[in-house]
2 protein chains.
Amino acid sequence: MSFYDKLKFDANGLIPAIIQEAKSGRVLMLAWMNRASLEKTIATGKSLESTIKTGKTHFWSRSRQKFWMKGESSGHTQTVKDVAFDCDGDTVLIQVEQVGAACHEGYQSCFFRSIQDGGTNFKITEAQLETPEQIYGKK
Amino acid sequence: MSFYDKLKFDANGLIPAIIQEAKSGRVLMLAWMNRASLEKTIATGKSLESTIKTGKTHFWSRSRQKFWMKGESSGHTQTVKDVAFDCDGDTVLIQVEQVGAACHEGYQSCFFRSIQDGGTNFKITEAQLETPEQIYGKK
């Protein structure tokens with residue numbers, strides 16, 4: 001049975017994808033995939049067309065309504081190491097090798113802030129590796 | 001500024017919460033929270049009422065339309081160690097100490113299956129710690 005048959009895409013045809021750095025275990029980001037972006041993300045497979053064997057993560061942007069490859073403008077691509085899916089089939093967990101900062105704000109992880117004082121405050125928990133200007137250039 | 005002001009709940013008032021085991025880094029599950037379940041999940045805080053200081057994860061079940069505490073029937077609770085949120089404010093990442101199996105199917109993680117052969121097949125990647133009957137009793 002194909003694993004696609006185990007998946008439940010939502011009413012918009014999307015499924016959340018948790019992206020985790022394979023070596024460190026750091027959770028880098030969560031983004032949304034449609035079936036096309038998931039197929040394009042998967043690296044190898046006899047039954048898949050060679051044109052979709054990229055091995056890099058691809059997503060669907062809900063805000064821009066646009067297909068995108070992680071790193072297409074920043075160069076901070078993610079090479080896929082493993083694709084797991086959960087018991088309910090409504091989330092995927094992808095292990096990657098991350099080039100540079102995963103976060104568009106220049107942090108290794110998008111989850112660079114943690115709450116303090118029961119939610120009344122928060123703190124930044126990791127160093128900023130680059131500024132957005134260094135990643136994307138001045139706008 | 002409260003971290004709640006940084007969060008974007010979706011049209012249904014929900015936000016996805018990634019649950020990660022603090023010690024091992026294993027991603028255990030993804031579930032959805034509304035503001036009430038997030039408040040109830042947060043352990044300490046001077047400005048929060050003492051009645052909501054549980055320090056255990058609480059969620060909103062979309063399928064059952066019901067507030068629930070993880071472990072309420074299985075005993076497999078999650079004690080919160082850290083609550084992080086992402087750059088876009090639309091996902092939270094919660095570090096926990098997990099009692100027993102996180103998955104209702106008896107696996108440590110709900111992500112106990114990974115794809116093989118480019119998505120045409122999949123395999124189970126971890127041992128089943130308990131059967132559902134052992135966790136919940138015979139139905």
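Naming: A, B, ... by sequence-line order, numbering from 1 per chain. Hydrogens, waters and symmetry mates are skipped; everything else that's a heavy atom, side chains included, is used. All values derive from a computational prediction rather than experimental measurement.
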Measure the spacing between [atom1] of [X] and [atom2] of [Y] and express it to the nearest 0.5 Å.
X: B:T91; Y: A:W32; atom1: OG1; atom2: CH2; answer: 8.0 Å
X: A:T41; Y: B:I115; atom1: OG1; atom2: CD1; answer: 9.5 Å
X: A:C110; Y: B:F85; atom1: SG; atom2: CZ; answer: 12.5 Å

| field | Donor-acceptor pair, side chain of B:R113 and main chain of A:D86, under 3.5 angstrom | value |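 It does hold such a pair.
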Taking the side chain as every heavy atom from C-beta outward, state whether [X] and [Y] have any pair of such atoms under 4.5 Å apart.
X: A:R26; Y: B:L93; answer: yes
X: A:C87; Y: B:C103; answer: yes
X: A:M29; Y: B:D88; answer: no

Transitive ILVMFWY side-chain link [X] to [Y], under 4.5 Å:
X: A:L28; Y: A:I15; answer: yes
X: B:F9; Y: B:L30; answer: no
X: B:I19; Y: B:L14; answer: no
X: B:I94; Y: B:I42; answer: yes
X: A:V96; Y: A:V92; answer: yes

| request: Answer yes or no: is there an ion pair linking B:D10 with A:R62, defined by an N-O contact shorter than 4.0 Å? | output: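 Salt bridge flag = no for A:R62 with B:D10.
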| query | Of all of B:D82, B:I18, B:T125, which one pairs up most often with chain A through heavy atoms under 4.5 Å apart? | reply |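 Option with the greatest count: B:I18.
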